Amino acid sequence: MEMKIGVIKGDGIGPEIVDEALKVLDRIAAVYGHSFSYTQLLMGGASIDVNGVPLTEETLEEAKRSDAVLMGSIGGDAKTSPWYQLEPSKRPEAGLLQLRKGLNLFANLRPAVLYEELKGACPLKEEIADKGFDMMIMRELTGGLYFGKRSTEKVDGVLVAKDELTYSEEEIRRIAKRGFDIAMKRRRKVTSVDKANVLDSSRLWRKVVEEVAADYPEVTLEHMLVDNCAMQLVKDPAQFDVILTENMFGDILSDEASMVTGSIGMLSSASLNDTKFGLYEPSGGSAPDIAGKGIANPIATILSAAMMLRYSFDLDTEADAIERAVSLALKDGYRTADIMSEGKTQVGTKEMGSRICEYINSESEE
Ligand code: NAD
């Protein structure tokens, strides 16, 4: 298979972790006989430095011409980086919002998995961690509060800020369908999260999700209020398969879910549109505190590349091979600093990438 991959290395640890994911993709291409070509794209702080803006029209067009985009992470230290002297619409994060909108990426997938080998890092009680968990948080990405009209004005001499939360039936239906499709490939359970006891947008959300559920009789649907969901994630995370929710709730819950795994450097993510195209990136940020030190964990980015193979290219065997190689590297005791524990072998970013490559070979299919 020949695929054209846009590559946004980004800022901070971005270039280091993306290089390891490309190494793994090259290994997959060699073992399974594919051809992946890479086009480097500038976004975020790296684009501000060169182009004065976090995302140019040309970069967006080039991204659209790719079969998928693999990204590191963008942004810098808000206290020290000159990028944060700029007005909010010109900062690195604005480029990411523009890219998501420009590519119509309305569905964000964030798996939160507790690896057997990393149970010790889970901050939850032992009896909860022992049960393990493997959930997929599906967050609506281009609607809701983050994309609504906003304003700050003086009313009767007092500053008043307003943010609008809007969802249409269509926006809810398309993400709900994606959520149920993903559930069909997993344990066939969807937990739809809303605040239907207060918000009109949530009541519409619940109604449309129920309509979509009627087309998926094999999938069990339950509704959960967002405040309860925040509690259940720390009390009994094993109950969740697919969590389907709107933009702001998903932003908060997916961060909570990633923290209960105890290892942000392990968590991949994908953002999808109506087509096979997707943007794949680690869940963590650009980690300016460890950038350039060669110690960042590349596994989240490597697993994001595996998601790209699975969801954009339908290369499930190859995606499985990457996931298996990551598990084997962990089983054999290799750890980057962020997931290091007693008796294990600490390795840097590059060595972790190389070790994972070594476990990818055609015999591993058996
Ligand atoms: P962060 O995720 O970058 O860092 C939080 C902590 O996790 C840090 O201690 C960091 O060292 C550690 N960490 C993160 N990824 C790691 C990895 N792969 N290996 C080892 N340790 C890792 O969050 P932050 O410090 O709040 O944000 C830093 C910058 O990243 C900000 O500019 C923020 O806006 C940006 N950010 C970007 C994205 C994105 O590109 N999608 C997402 C979140 C934050």
Side-chain angles (χ1 to χ4, degrees), residues 7-21 41-49 54-55 69-86 88-101 103 105 108-110 118 121 123 137 139 141 146 247 250-252 254-271 278-305 307 326 330 334-341 346-353 356:
V7 175
I8 299 173
K9 291 192 176 181
D11 309 316
I13 59 169
E16 300 165 59
I17 53 181
V18 168
D19 281 348
E20 297 317 299
L41 306 173
L42 284 183
M43 213 268 284
S47 173
I48 295 174
D49 290 345
L55 178 72
V69 171
L70 180 69
M71 190 174 102
S73 39
I74 51 109
D77 185 331
K79 287 198 194 105
T80 56
S81 165
W83 301 326
Y84 296 90
Q85 304 300 321
L86 300 166
S89 66
K90 297 196 170 133
R91 291 178 191 169
E93 291 72 13
L96 188 54
L97 292 182
Q98 288 160 18
L99 188 72
R100 285 175 179 164
K101 194 82 181 168
L103 295 170
L105 301 172
N108 181 234
L109 268 69
R110 275 175 70 169
L118 300 180
I137 302 203
R139 163 189 170 194
L141 207 54
Y146 295 178
N247 203 343
D251 187 10
I252 298 166
S254 56
D255 264 16
E256 184 188 357
S258 60
M259 284 322 290
V260 295
T261 67
S263 33
I264 185 90
M266 298 291 299
L267 300 172
S268 52
S269 87
S271 302
L279 171 72
Y280 298 85
E281 56 174 318
S283 290
S286 58
D289 52 336
I290 56 165
K293 294 185 178 162
I295 58 169
N297 187 346
I299 294 180
T301 318
I302 290 169
L303 291 173
S304 301
M307 285 182 91
V326 167
L330 294 175
Y334 297 110
R335 302 280 190 275
T336 43
D338 57 312
I339 52 171
M340 183 60 189
S341 59
Q346 189 166 328
V347 295
T349 311
K350 281 182 191 299
E351 187 175 349
M352 181 58 97
I356 291 168

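No hydrogens, no waters, no symmetry mates; every other heavy atom, side chains included, goes into these values. Remember, it's a predicted structure, so these values are computed and weren't measured experimentally. Note that ligands are numbered from 1 as they come in the structure, with each ligand's atoms numbered from 1 the same way.
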Check: of Ile13, Asp289, Ile17, Leu96, min heavy-atom distance to atom 11 (O) of ligand 1 comes from Asp289
Measuring from the heavy atoms of Ile74, does anything fall under 4.0 Å of ligand 1?
yes
Assess whether a salt bridge exists between Arg110 and Asp255, defined as any Lys/Arg side-chain N lying under 4.0 Å from an Asp/Glu carboxylate O.
yes
Contact check, side chains of Tyr84 and Glu93, non-hydrogen atoms, under 4.5 Å:
yes
Looking only at non-hydrogen atoms, the one of Ile295, Asp255, Ile264 nearest atom 13 (N) of ligand 1 is Ile264
Under 4.0 Å from any heavy atom of Ala296, which atoms of ligand 1 are there?
19 (N)
Side chains of Ile17 and Lys9: does their closest heavy-atom pair fall under 4.5 Å?
no
Considering non-hydrogen atoms only, spot the tightest contact between Gly12 and Pro15 and give its length.
O-CD, 3.3 Å
Give a yes/no verdict on whether any heavy atom in Trp83 is under 4.0 Å from an atom of ligand 1.
no
Residue Gly75 vicinity, atoms of ligand 1 by number, heavy atom under 4.0 Å:
32 (O)
Which residue and heavy atom of the protein sit nearest atom 19 (N) of ligand 1, plus the separation:
Asn297 N, 2.9 Å
Arg139 versus Ser254, side-chain donor and acceptor atoms under 3.5 Å
no
Winner among Thr336, Ile339, Thr349, Ile290 once heavy atoms are compared against atom 21 (N) of ligand 1:
Ile290
What are the two closest heavy atoms between Glu281 and Gly72, and how far apart are they?
CB-O, 3.9 Å
Between Thr349 and Pro298 (side chain of the first, backbone of the second, donor and acceptor by atom type, cut-off under 3.5 Å), is there such a pair?
no
Identity of the nearest option to atom 32 (O) of ligand 1, non-hydrogen atoms only, from Gly10, Gly76, Ser271, Ser73
Gly76
Contact between Pro288 and ligand 1, counting heavy atoms under 4.0 Å?
yes
Protein heavy atom at shortest distance from atom 33 (C) of ligand 1:
Glu93 OE2, 3.6 Å
Tell me, yes or no, whether the heavy-atom count around Lys350 atom NZ, taken from other residues, nucleotides or ligands under 6.0 Å, exceeds 12.
no
What atoms of ligand 1 come within less than 4.0 Å of a heavy atom belonging to Gly284?
2 (O), 42 (C)
Looking at Asn108 and Ala270, would you say the former's side chain and the latter's main chain have a donor-acceptor pair under 3.5 Å?
yes
Side chains of Leu141 and Tyr146, heavy atoms from C-beta outward: is any pair under 4.5 Å?
no
Ranking Ser286, Gly45, Ser269, Gly265 by closest non-hydrogen atom to atom 29 (C) of ligand 1, top hit is Ser286
Please report which non-hydrogen protein atom sits nearest to atom 41 (N) of ligand 1, along with the residue it belongs to and the distance in Å to one decimal place.
Glu281 OE1, 3.1 Å
What protein heavy atom is closest to atom 4 (O) of ligand 1, reported as residue, atom name and distance in Å?
Ala287 CA, 4.3 Å
The option among Gly285, Ala337, Ala78 carrying the non-hydrogen atom nearest to atom 42 (C) of ligand 1 is Gly285
